[in-house]
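Counting convention: from 1, in listed order, for ligands and their atoms alike. Sequence positions, counted from 1, serve as the residue numbers for this chain.
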Amino acid sequence: MKKVLASFVALLMAFGCIGCAATCAHEWSPATCTMPATCQNCGEATGSALGHNYHNATCTTAEKCSICGEEQGTPLGHQYVSGYCIRCNEKDPDYVEYGTLTGTITYKYNNYIGHRGDTGAVIFLIPKNTKSLPDGIGLGLTSYAKDGIFATKAGGNGSYTINQVPAGEYYVVVISNNTNDNPSRVADYNTWGPTILMFSEKGKTNAMTTAKVNKIRHGSVTIYGNRSADYSYDFGITYI
Ligand SMILES: [Zn+2]
Ligand SMILES: [Zn+2]
Ligand SMILES: [Zn+2]
């Protein structure tokens with residue numbers, strides 16, 4: 001009797017075991033970068049994890065897995081040379097390029113000799129975003145040119161050069177040295193162009209005083225990096 005019972009129990013266990021194994025119809029969730037395919041029902045795993053598939057870091061992004069998006073490390077950062085990133089060609093926002101302004105200022109001496117260099121003519125180069133101009137500039141004094149404002153005087157043949165000018169938009173004001181204007185002429189603000197608005201009241205008075213005597217020419221110029229721009233002018237004959 002004991003033997004029969006033991007056989008029955010053994011049989012039951014055997015069937016029970018088979019039944020147990022057969023009850024899980026595995027439902028595999030796909031393998032991920034870090035986990036193998038896993039049965040959602042019983043937790044059994046099969047195969048291996050995919051492993052991350054990192055794309056190279058760029059100037060602005062770290063190494064990034066193309067499958068799961070996980071990042072590692074840090075972005076490379078831009079490597080600027082001469083104003084541009086050697087990897088991605090991004091413009092360096094802090095890079096300043098310098099250019100040059102040259103020109104020749106002349107006036108008409110007479111019909112026989114013709115034109116001569118306006119030696120001593122004052123050339124002001126004023127950034128268009130200038131907020132205020134020193135009063136002394138209204139008097140044509142080059143020593144007052146500072147804080148991004150450039151000034152020079154025409155040389156023996158009327159030529160001048162201003163070097164190391166940051167690229168940008170500028171106003172040019174030229175005050176003749178060898179030609180006078182008619183003092184009774186009403187000098188208007190336009191003589192100095194838009195720069196007149198950068199002066200204080202005293203500076204404006206100075207500028208108008210200068211404009212009554214010396215001929216003045218104003219204009220605009222764009223300075224490009226590593227290039228030379230030209231601003232030349234002939235004042236014609238002087239008022240006698
Ligand atoms: Zn399972
Ligand atoms: Zn991944
Ligand atoms: Zn870059």
*Asks:* Are any of the side-chain heavy atoms of F199 and I137 separated by less than 4.5 Å?
*Replies:* yes
*Asks:* Quick one: give me the number of protein N/O/S atoms under 2.8 Å from the Zn ion (ligand 2).
*Replies:* 4
*Asks:* List the atom of A121, the atom of V174, and the distance in Å for their closest heavy-atom pair.
*Replies:* CB-CG1, 4.4 Å
*Asks:* Using a distance threshold of 2.8 Å, what protein N/O/S atoms lie below it relative to the Zn ion (ligand 1)?
*Replies:* C24 SG, H26 ND1, C39 SG, C42 SG
*Asks:* Provide the closest heavy-atom pair for I237 versus K215 in the form atom of the first, atom of the second, distance.
*Replies:* O-NZ, 2.6 Å
*Asks:* Are T210 and I175 side-chain neighbours, meaning at least one heavy-atom pair lies under 4.5 Å?
*Replies:* yes
*Asks:* Who else is in the cluster with M35 when I, L, V, M, F, W and Y are joined by side-chain contacts under 4.5 Å?
*Replies:* none
*Asks:* Could you give me the CA-CA distance, side-chain angles and deciding distance for T222 and E169, then say whether side chain to side chain donor-acceptor pair (under 3.5 Å) is met?
*Replies:* CA-CA 5 Å; T222 303; E169 300 286 329; 3.1 Å; yes
*Asks:* State whether the side chain of D118 and the backbone N or O of N178 hold a donor-acceptor pair below 3.5 Å, judged by distance alone.
*Replies:* yes
*Asks:* Mind checking whether Y109 and Y107 have parallel, tilted or perpendicular rings, split at 30° and 60°?
*Replies:* perpendicular
*Asks:* Are E90 and Y84 side-chain neighbours, meaning at least one heavy-atom pair lies under 4.5 Å?
*Replies:* no
*Asks:* Treat each ILVMFWY residue as a node, draw an edge where side-chain heavy atoms are under 4.5 Å apart, and state whether Y144 and I123 are in one component.
*Replies:* no
*Asks:* When you group the ILVMFWY residues by side-chain heavy-atom contacts below 4.5 Å and let the links chain together, are F124 and F150 in the same group?
*Replies:* no
*Asks:* For the residue pair M198 and P127, what are the closest heavy atoms and their distance?
*Replies:* CE-O, 4.0 Å
*Asks:* Measure up the H26 and W28 rings against each other and bin them: parallel (under 30°), tilted (30 to 60°), perpendicular (over 60°).
*Replies:* tilted
*Asks:* Suppose the cut-off is 2.8 Å; which protein N/O/S atoms would you list for the Zn ion (ligand 3)?
*Replies:* C59 SG, H78 ND1, C85 SG, C88 SG
